[in-house]
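Working notes for the structure below.
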Amino acid sequence: MKNSLRVERAIKNMTQADLADLIGVSRQTINTIESNKYVPSTILALKIARVFGKPVEEVFILEEED
């Protein structure tokens, strides 16, 4: 699964720490999600999408091999 977290954060001029604080996780969690080393839970994905005001499918993109 790919994601557009880095791009979405840049659009809102938001740091990893800012996003982490808003959704109640560590900055390291945001970093691992952005690096595609960790797939977030459904609840976490929904919280992240809500911060950016977008459907979850616009932030997290399912790939063929998923």
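None of the values given here were measured: they were computed from a predicted structure.
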Check your understanding: Who pairs with E8 by salt bridge (charged side-chain N to carboxylate O under 4.0 Å, His left out), at least two apart in sequence or on another chain?
Key -> K54
Check your understanding: What pairs with R6 under salt bridge (charged side-chain N to carboxylate O under 4.0 Å, His left out), at least two apart in sequence or on another chain?
Key -> E34
Review point. Take atom CD in E65; do more than 12 heavy atoms of anything else shown fall under 6.0 Å from it?
Key: yes
Check your understanding: Near I43 CD1, under 6.0 Å, is it more than 12 heavy atoms from other residues, nucleotides or ligands?
Key -> no
Shortest non-hydrogen contact from [X] to [Y]?
X   : Y   : result
P55 : A49 : C-CB, 4.1 Å
S4  : I61 : N-CD1, 4.5 Å
M14 : F52 : SD-CE2, 4.2 Å

Exercise for review: Look at the side chain of S35 and the backbone N and O of N31, then say whether any donor-acceptor pair between them is shorter than 3.5 Å.
Suggested key: yes
Check your understanding: Is a side-chain N or O of T15 found less than 3.5 angstrom from the main chain of D18, in a donor-acceptor match?
Key -> yes
Review point. Is there a side-chain contact between I48 and L22, using heavy atoms and a 4.5 Å cut-off?
Key: no
**Study point:** Test item: L44 and I33 side chains (from C-beta on) under 4.5 Å apart, heavy atoms
**Key:** yes
Review point. Between the side chains of T32 and T29, does any donor sit under 3.5 Å from an acceptor?
Key: no
Review point. Who are the side chain to side chain contact (heavy atoms under 4.5 Å, CB included) partners of D66, not counting sequence neighbours?
Key: M1, L62, E63
Check your understanding: At what distance, to the nearest 0.5 angstrom, does CD of Q16 lie from CG of D21?
Key -> 12.0 Å
Review point. Are V7 and V56 grouped together when hydrophobic residues (ILVMFWY) are joined by side-chain heavy atoms under 4.5 angstrom apart?
Key: no
